[in-house]
Asker: 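Got a structure here, written out as structure tokens. Questions coming.
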Amino acid sequence: MSDLHKTEWPTLTLLTVCYCAWGLGTTVVWSMWGPAGIIFTTMSIALFSSLQHEVLHGHPTRWNILNEILVLPGLTIAIPFHRFRDLHLAHHTDSSLTDPYDDPESNFLDPKVWDSLSLPVRLILKINNTLFGRLVIGPLVSQVSFVRNDWRSIRAGDRAVLFGWLWHIPAVAIVVAWLVFVAEIPIIQYMLCAYMGLSILKIRTFLEHRSHERASGRTVIVDGRGLLP
């Protein structure tokens with residue numbers, strides 16, 4: 001089978017639809033009715049993040065460089081793709097899943113670390129451990145922790161982390177250029193859309209993993225129906 005036939009055309013089509021929705025949401029739809037523009041833009045940013053997740057797992061073509069180029073623009077503003085890729089792939093190491101030290105996406109803390117935290121920080125983390133909190137403050141809590149850890153790694157000389165952030169500069173520049181020269185939506189409102197897009201992603205991850213003695217028991221299968229299955 002040729003490389004062309006191995007290409008996942010439905011995923012490419014969805015990516016095209018995502019970019020079109022994002023472009024329309026920030027221009028035509030916003031100029032027609034602001035709330036509709038926010039909805040279009042927010043949903044397309046959330047979808048784009050999910051498509052980035054597919055790319056870091058080797059989709060939709062067999063060429064990783066091409067896949068990464070396809071999701072180059074930093075629509076989320078806050079998350080460098082290469083850092084998302086490296087941290088998420090590390091998260092997929094089953095033996096360290098949910099481990100507070102070895103899993104970079106873990107929401108669990110060592111009891112000794114928890115005891116050392118101030119009461120306000122504990123309160124914030126307790127709120128963040130509810131679905132409402134995860135939606136409202138979850139992206140901010142994650143971003144603060146993410147940037148803090150990456151800054152420590154950069155100061156310690158980790159070039160891969162530094163590269164991930166440097167590569168994010170042109171990715172965000174593409175979005176900023178669009179917002180300044182093409183889009184109708186103001187930058188402040190766009191930042192709100194980016195935040196809400198990341199909030200939507202928190203729904204899926206809220207009950208995705210749990211603490212368990214065995215690695216095989218740490219992944220949760222959530223059965224459901226309706227808007228939030």
Side-chain angles (χ1 to χ4, degrees), residues 42 45-46 49-50 52-53 56-57 74 76-166 168 172 191-224 227-229:
T42 296
I45 290 174
S49 296
S50 293
Q52 283 188 314
H53 175 263
L56 66 85
H57 282 298
T76 66
I77 300 296
I79 313 294
F81 171 77
H82 289 92
R83 295 301 301 133
F84 174 38
R85 179 197 65 190
D86 294 346
L87 292 172
H88 188 72
L89 291 178
H91 161 73
H92 273 277
T93 303
D94 289 343
S95 60
S96 62
L97 193 65
T98 73
D99 186 285
Y101 292 105
D102 296 328
D103 181 356
E105 294 186 10
S106 177
N107 284 296
F108 296 94
L109 291 175
D110 185 318
K112 293 181 179 179
V113 174
W114 174 262
D115 291 340
S116 69
L117 299 176
S118 65
L119 290 178
V121 172
R122 288 191 199 179
L123 177 60
I124 290 172
L125 294 179
K126 284 183 177 180
I127 295 173
N128 189 53
N129 207 34
T130 66
L131 179 57
F132 175 79
R134 197 65 59 88
L135 291 172
V136 175
I137 66 172
L140 179 60
V141 171
S142 295
Q143 189 67 20
V144 169
S145 176
F146 168 51
V147 171
R148 180 189 61 197
N149 292 336
D150 270 15
W151 176 241
R152 289 173 178 171
S153 296
I154 291 172
R155 291 185 63 184
D158 193 324
R159 293 186 178 182
V161 176
L162 177 61
F163 171 80
W165 281 96
L166 290 177
H168 192 51
V172 171
M191 296 299 292
L192 174 63
C193 292
Y195 191 92
M196 292 192 297
L198 294 175
S199 291
I200 291 173
L201 295 175
K202 294 294 182 182
I203 298 174
R204 179 183 62 81
T205 61
F206 179 65
L207 287 176
E208 187 176 23
H209 297 297
R210 64 177 180 175
S211 177
H212 198 280
E213 219 176 285
R214 291 180 292 105
S216 59
R218 296 173 187 169
T219 299
V220 176
I221 298 176
V222 181
D223 294 323
L227 182 62
L228 300 176

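Residue indices begin at 1 and follow the sequence shown. Keep in mind that the numbers below use all heavy atoms, side chains included, and drop hydrogens, waters and symmetry copies.
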Asker: Testing the basics here: between Leu131 and Phe206, what is the closest heavy-atom pair and its distance to 0.1 Å?
Answerer: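 Reported closest heavy-atom pair: N-CZ, 3.3 Å.
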
Asker: Return the minimal non-hydrogen interatomic distance between Leu201 and Ser49, and the atom names on each side.
Answerer: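 In terms of heavy atoms, the two residues are closest at CD1-CB, 3.2 Å.
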
Asker: I need the minimum non-hydrogen distance between Tyr195 and Gly138, along with the two atoms involved.
Answerer: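 Heavy atoms of Tyr195 and Gly138 come nearest at OH-N, 4.4 Å.
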
Asker: Can you name the nearest heavy-atom pair linking Ile137 to Ile124, along with the distance?
Answerer: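 Shortest heavy-atom contact: CD1-O, 3.6 Å.
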
Asker: Which atoms form the tightest heavy-atom contact between Trp114 and Leu109, and what is the distance?
Answerer: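 It is CE3-CD1, 3.9 Å.
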
Asker: Working to the nearest 0.5 Å, report the span between CD1 of Ile77 and CD1 of Ile45.
Answerer: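 Ile77 atom CD1 to Ile45 atom CD1 measures 7.5 Å (nearest 0.5 Å).
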
Asker: I'd like to know if the side chain of Arg122 and the backbone of Ser116 have a donor-acceptor N/O pair within less than 3.5 Å.
Answerer: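 Not at all, since once roles are kept as given, no pair shorter than 3.5 Å links the two residues.
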
Asker: Find out whether Arg134 and Asn107 are in side-chain contact, i.e. whether some heavy atom of one side chain is under 4.5 Å from a heavy atom of the other.
Answerer: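 The answer is yes, as the side chains (C-beta and beyond) meet within the 4.5 Å cut-off.
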
Asker: Considering the options Val147, Asp150, Asn149, which one meets the side chain to side chain contact (heavy atoms under 4.5 Å, CB included) requirement together with Arg83?
Answerer: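 Running side chain to side chain contact (heavy atoms under 4.5 Å, CB included) over Val147, Asp150, Asn149 with Arg83 returns exactly one hit, Asp150.
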
Asker: Would you call Leu56 and Phe81 a side-chain contact if the rule is heavy atoms closer than 4.5 Å?
Answerer: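 When only atoms from C-beta onward are counted, Phe81 and Leu56 do touch, with a gap below 4.5 Å.
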
Asker: Leu198 and Ala78: which non-hydrogen atoms are nearest, and at how many Å?
Answerer: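 In this case the closest contact between Leu198 and Ala78 is CD1-CB, 4.5 Å.
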
Asker: Using ring pair (Phe, Tyr, Trp, His ring centres under 6.0 Å) as the criterion, point out the one residue from Trp151, Trp165, Phe84 that pairs with Phe146.
Answerer: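 Answer to the ring pair (Phe, Tyr, Trp, His ring centres under 6.0 Å) test with Phe146 among Trp151, Trp165, Phe84: Trp165.
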
Asker: Would you mind listing every side chain to side chain donor-acceptor pair (under 3.5 Å) that reaches into residues 153-162, with sequence neighbours excluded?
Answerer: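 As it turns out, there is no side chain to side chain donor-acceptor pair (under 3.5 Å) pair with a partner in residues 153-162 once direct neighbours are skipped.
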
Asker: May I ask you to test the Ile127-Leu123 pair for a side-chain heavy-atom distance under 4.5 Å?
Answerer: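 The answer is yes, as the side chains (C-beta and beyond) meet within the 4.5 Å cut-off.
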
Asker: Is there side-chain contact between Ile79 and Gln143, with heavy atoms separated by less than 4.5 Å?
Answerer: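 Yes, at least one pair of side-chain atoms sits under 4.5 Å.
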
Asker: Evaluate the side-chain proximity of Arg204 to Ser50: yes if any heavy-atom separation is below 4.5 Å, no if none is.
Answerer: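 The answer is no; the side chains never approach within 4.5 Å.
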
Asker: Given side chains that start at C-beta, do those of Leu162 and Leu166 come closer than 4.5 Å, heavy atoms only?
Answerer: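 They are in side-chain contact.
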
Asker: Test your reading of the model: is there a side-chain donor-acceptor pair from Thr130 to the backbone of Lys126, 3.5 Å cut-off?
Answerer: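 Absent.
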
Asker: Would the distance check show the side chain of His57 and the main-chain N or O of Leu89 forming a donor-acceptor pair, the cut-off being under 3.5 Å?
Answerer: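 Flag not set: sc His57 to bb Leu89 has no pair under 3.5 Å.
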
Asker: Could you list the residues that satisfy side-chain hydrogen bond (donor to acceptor under 3.5 Å, both in side chains) with Ser199, not counting sequence neighbours?
Answerer: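 So Ser199 forms no side-chain hydrogen bond (donor to acceptor under 3.5 Å, both in side chains) with any residue.
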
